[in-house]
Each structure stands twice: as C-alpha cells, then as structure tokens.
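The block underneath contains the structure these notes are about, expressed in structure tokens.
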Amino acid sequence: MTEGITSTASEGGDTLTRLEQEGEIAADYLEGLLDIADLDGDIDMDVEADRASVSIISDSGGRDLNKLVGREGEVLEALQELTRLAVHRETGDRSRLMLDIAGYRAQKRAELSELGAKAAAEAKSSGEPVKLKPMTPFERKVVHDAVKSAGLRSESEGEEPQRFVVVLPA
C-alpha cells in the first residue's frame, strides 16, 4: 500500500520537474527572442494549475513589450504557440505552457472572471441561458471557471473562431 503512495508522490514530483524544465526551455527561447528584438524584459517562471507559466515583465512600464502583445493579444498568442513548439522540439512532448507579457493575460483573466460572474448572476436571475461573444480557448476557460465557481454550468458552442460560451441557469 505504501508503494502506491510513493509512486503517486513520485509521479507528482516528476510532473513538477517536467513542468519546471518546460519553463526553463521556454525562458531560454524567449530570452533569445528578446535579444533579437532588442527589447528589455525580465522572465519569471512558475507552475500554475498543472502547466508551466512564463511571464515577461519590464521595469520600464512595458511599452516596448506591448509590441509583443499586439492587438487584442494576437502577437502574444502566436508567441505562445512558437514557444510551445520550441519546448516540444526539445522535449518531444506536447506543452500546455502559458505565456504572459506585460501582465496582459493577468489583466484579461481578471476581466473575464468578472464577465463570467456577471453572466452567471444574469442567468440565475433571468432563468434563461446567457450567450457571450466569441472567445479564444484561453478566454473561454477563464469564463467557464468563473461560472463554475458561481455555482452554475456553462458550455462552449459554435466552431472556431466563432466559438462562444453559453451560461446555463440552475
């Protein structure tokens, strides 16, 4: 019986080590990118919700880094995919790494959590499903989590890139 517990603990440690390795690979890749683009930024690595998380932050307010975010995070999404590919090339494993630049995703997460909570409140009070505008997979995930924490259920409907969240009443 002790072997099962040790094995599970070992697997958890192995997962943490693997995610930390993903973060290291991503950080090296992104440092090279910042050097090529001649941009200043510090890289912060973490492990959140079973995925590696890498943030590029700036002491100078991040105006230059906003170029790496792009309009509505489009450049950030592309850089995240490129970084995931760099990790995949090194490890051979698919990465679910999350990239944030200049706090864009953190701010977006807060806004989307609030949107999810408001949509849940509206669905509760009206008793009708609430359909939200199309969102990226990241945005939908944040809204689904906010709706769940409000005690309701939600579903994604539609086809990419027009996929959207529907908040269902109790």
Side-chain angles (χ1 to χ4, degrees), residues 11-12 15-16 18-20 22-23 25-27 29-30 33 41-59 61-88 93-170:
E11 287 172 12
T15 299
L16 181 61
R18 182 180 52 79
L19 293 174
E20 288 172 343
E22 282 186 22
I25 294 167
Y29 176 79
L30 292 166
L33 179 83
D42 296 321
I43 297 180
D44 184 33
M45 296 174 294
D46 200 0
V47 174
E48 299 173 358
D50 294 332
R51 66 171 55 185
S53 174
V54 178
S55 300
I56 302 175
I57 53 178
S58 174
D59 294 334
R63 287 184 183 231
D64 285 345
L65 291 182
N66 287 334
K67 296 173 186 173
L68 297 179
V69 173
R71 189 175 55 99
E72 296 185 31
E74 290 173 338
V75 176
L76 171 58
E77 289 289 333
L79 288 173
Q80 177 175 278
E81 286 306 310
L82 288 172
T83 305
R84 286 177 174 176
L85 286 171
V87 170
H88 176 71
D93 295 327
R94 182 178 171 272
S95 174
R96 295 178 50 236
L97 177 130
M98 186 64 71
L99 175 63
D100 191 7
I101 299 175
Y104 177 83
R105 269 200 214 278
Q107 179 183 345
K108 191 77 168 171
R109 181 177 281 123
E111 292 169 4
L112 291 165
S113 292
E114 185 177 327
L115 174 67
K118 285 181 180 178
E122 183 181 335
K124 276 182 186 176
S125 67
S126 73
E128 297 291 323
V130 176
K131 293 181 180 180
L132 301 176
K133 66 178 179 63
M135 299 177 188
T136 66
F138 161 76
E139 293 168 334
R140 290 193 309 271
K141 170 76 169 104
V142 173
V143 172
H144 286 306
D145 290 347
V147 170
K148 183 178 180 180
S149 70
L152 291 183
R153 232 174 32 89
S154 58
E155 299 174 347
S156 291
E157 293 183 5
E159 298 294 321
E160 295 292 353
Q162 297 300 312
R163 201 152 166 78
F164 59 94
V165 174
V166 178
V167 180
L168 304 169

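All values below were derived from every heavy atom in this structure, side-chain atoms included, with hydrogens, water molecules and symmetry-related copies excluded.
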### Query
Is K118 salt-bridged to E122, cutoff N-O under 4.0 Å?
no

### Summary
Heavy-atom closest pair (N66 atom, A102 atom, distance to 0.1 Å) is OD1-CB, 3.9 Å

### Atom pair CG/OG of L99 and S53 - distance to nearest 0.5 Å
8.5 Å

### Task
Output the distance between atom CG (L30) and atom CD (Q80), rounded to the nearest 0.5 Å.
10.5 Å

#### Entry: M135 and L115, any side-chain heavy atoms less than 4.5 Å apart
yes

### Summary
Looking only at heavy atoms, the pair that brings A52 and G23 closest together is CB-N, 4.1 Å

## Note on the structure
Output for pair (E22 CD, E20 CD), nearest 0.5 Å, gives 11.0 Å

## Note on the structure
Of all heavy-atom pairs linking I101 and V69, the shortest is O-CG2, 3.6 Å

### Message
As a quick check of understanding, evaluate side-chain contact (heavy atoms from CB on, under 4.5 Å) for L82 and Y29, giving each step before the final call.
### Response
CA-CA 9 Å; L82 288 172; Y29 176 79; 3.5 Å; yes

### Task
First locate atom CE of M98, then atom CD of E48, and finally report the distance between them rounded to the nearest 0.5 Å.
9.0 Å

### Query
Can you check whether I25 reaches L97 side chain to side chain, under 4.5 Å on heavy atoms?
no

### Task
Give the intermediate values and the outcome of side-chain hydrogen bond (donor to acceptor under 3.5 Å, both in side chains) for residues H88 and S95.
CA-CA 6 Å; H88 176 71; S95 174; over 6 Å; no

Which pairs would a plain distance check flag for residues 160-170, meaning a side-chain donor or acceptor within less than 3.5 Å of a matching protein atom at least two apart in sequence or in another chain?
| residue | atom | partner | partner atom | Å |
| --- | --- | --- | --- | --- |
| E160 | OE2 | R140 | NH1 | 3.1 |
| E160 | OE2 | R140 | NH2 | 2.8 |
| R163 | NH1 | G158 | O | 2.7 |

### Message
Which heavy atom of I43 sits nearest to which heavy atom of I56, and what is that distance?
### Response
CG1-CG1, 4.3 Å

#### Entry: Check: D100 side chain, A106 main-chain N or O, donor-acceptor pair, under 3.5 Å
yes

### Query
Who passes side-chain contact (heavy atoms from CB on, under 4.5 Å) against A150, sequence neighbours left out?
A120

### Task
Quick one: closest heavy-atom pair of V130 and A123, and the distance?
CG2-N, 3.7 Å

### Task
Taking all non-hydrogen atoms of both residues into account, name the closest pair between V147 and G116 and its distance.
CG2-O, 3.7 Å

### Message
I'd like to know whether V54 forms a side-chain contact (heavy atoms from CB on, under 4.5 Å) with T83, so could you lay out the CA-CA distance, the side-chain angles of the two residues, the decisive distance to 0.1 Å, and finally the verdict.
### Response
CA-CA 10 Å; V54 178; T83 305; over 6 Å; no

### Task
Could you walk me through whether H144 and S156 pass side-chain contact (heavy atoms from CB on, under 4.5 Å), step by step?
CA-CA 9 Å; H144 286 306; S156 291; 2.8 Å; yes

### Query
Rounded to the nearest 0.5 Å, how far apart are CD of E81 and CG of L76?
10.5 Å

### Query
Is the count of non-hydrogen atoms from other residues, nucleotides or ligands lying under 6.0 Å from E72 atom CD greater than 12?
no

### Task
Give a yes or no on whether the backbone of D50 and the side-chain of R96 come within a donor-acceptor separation of less than 3.5 Å.
yes

### Message
Quick one, L112 and R109 - any side-chain contact, counting heavy atoms below 4.5 Å?
### Response
no

